[in-house]
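The block underneath contains the structure these notes are about, expressed in structure tokens.
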Amino acid sequence: MRLVTYHSQGTERVGVLDAERELVFGIDAAHDPGAGGVLGLIESWGSVGPRVDAGGDAVPVDKVDLRAPFFPRRNVFCVGKNYREHSTEFARSGFDASDTERRNDVPELPIFFTKSTGSIIGPGVPIDPHPELTSSLDYEAELAVIIGRGGCGIAADRAAEHIWGYTIINDVTARDLQRAHKQWFLGKSLDTFCPMGPWAVTADEVDVTNLAVRCWVNGELRQEGNTGDLIFDVPTLVSTLSAGITLQPGDVIATGTPAGVGIGFRPPRFLGPGDVVSAEITGLGTLTNPVAGT
Ligand code: MG
């Protein structure tokens, strides 16, 4: 099941996407847990199950005004340097202030940070390039895990029981701020720096161990990876995070980006006003956002 949040006639609605027919079926909020939006559906998943009745009117998906599928109640958990080739390109870029001494290409343990909830935007919403703050705006296409059942001390082999599904996140980054402030939060949490969507997809729809992750800038393919190449796979990330942090339904974990980001090029190829970034993952759709300005 692919859930979308969209605006129709001035109101926010929840719908189920039929990807093959490219139709959105509205959920009748009057007698459905969809009244709490997609987050409400995710939070009630543990008690009512993953299915909802999509009996509403059908609208072509290209005719609806899609929004971010939902806003998690707390920061988006993120993982840095979780693909080998990206870890190498980052180490060699000179922008990695987290490992200046050893130049360790591959981390021994997952590197966690967060992005503020307030940085989330939906498909099509312009990314603010914040020109007064940064001159090194970069993109990172990533698989994001959506937690459905909370818990702590989740064993890796039980992680699937806690995962509602997946979506796409573009972990937009101001590289100069990331480097200057050492800790990554600031450079990755500026307003509009977390495009998310276009859909929230239940786990049964995809094989998370084998999903192509691609990113285009102005139609040029920049990133091409596969979730099978994650250094720390999804069960490991859930287990590691939950060992001491109780995960909650609706928590989102961005799993890291493959090689091909702007700092991976010589010279670096940063984003500028008017550029268009499209992140695509098998079965999860394509998340496209322009950079504001011309
Ligand atoms: Mg990232």
Side-chain angles (χ1 to χ4, degrees), residues 68 72 75-99 104-107 109-117 119-121 127 134 136-146 166-179 181-197 208 211-217 222-227 229-234 236-238 240-241 251-265 268-271 277-281 284 287 289 291:
N75 282 10
V76 176
F77 296 101
C78 300
V79 182
K81 302 201 288 189
N82 203 18
Y83 289 83
R84 281 181 172 76
E85 288 183 24
H86 169 66
S87 189
T88 300
E89 73 178 353
F90 186 39
R92 292 175 182 169
S93 73
F95 282 90
D96 184 3
S98 72
D99 193 21
N104 225 356
D105 282 1
V106 179
L109 292 168
I111 298 168
F112 288 108
F113 62 96
T114 70
K115 292 173 84 75
S116 68
T117 307
S119 65
I120 294 173
I121 57 173
I127 298 164
T134 179
S136 52
L137 188 71
D138 210 344
Y139 51 87
E140 297 189 351
E142 307 197 8
L143 169 75
V145 179
I146 301 168
Y166 305 96
T167 189
I168 302 170
I169 273 179
N170 183 351
D171 178 16
V172 177
T173 305
R175 296 295 180 196
D176 38 14
L177 294 182
Q178 182 186 28
R179 178 173 58 190
H181 290 266
K182 311 296 186 204
Q183 218 275 353
W184 299 356
F185 173 76
L186 186 64
K188 287 173 171 282
S189 286
L190 302 186
D191 291 351
T192 74
F193 271 23
C194 191
M196 178 169 141
V208 72
L211 300 176
V213 180
R214 298 188 180 94
C215 187
W216 289 263
V217 177
R222 296 281 188 89
Q223 294 184 276
E224 187 167 27
N226 190 290
T227 56
D229 294 325
L230 285 168
I231 297 170
F232 304 103
D233 64 11
V234 169
T236 301
L237 297 176
V238 170
T240 306
L241 261 182
D251 279 345
V252 174
I253 307 167
T255 57
T257 201
V261 298
I263 49 164
F265 293 88
R269 302 177 71 183
F270 295 121
L271 296 172
V277 188
S278 292
E280 179 188 81
I281 298 181
L284 304 184
L287 172 65
N289 296 82
V291 179

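Both counts, for ligands and for their atoms, begin at 1 and track the order of listing. FYI, side chains are in, hydrogens and waters are out, and symmetry mates aren't considered; it's all heavy atoms of this structure.
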Identity of the N, O or S atom of Asp171 lying closest to the Mg ion (ligand 1): OD2

Closest Glu142 atom to the Mg ion (ligand 1) [N, O or S only]: OE2

Stepwise side chain to side chain donor-acceptor pair (under 3.5 Å) test for Asp176 and Thr134: CA-CA 6 Å; Asp176 38 14; Thr134 179; 2.6 Å; yes

Identity of the N, O or S atom of Glu140 lying closest to the Mg ion (ligand 1): OE1

Geometric cation-pi criterion, Arg175 with Phe90: 6.0 Å, 45°: yes

With sequence neighbours excluded, residues passing side chain to side chain contact (heavy atoms under 4.5 Å, CB included) with Ile121: Val125, Ile127, Thr192, Pro195, Asn289

Residues in salt bridge (charged side-chain N to carboxylate O under 4.0 Å, His left out) contact with Glu224, at least two apart in sequence or another chain: Arg214

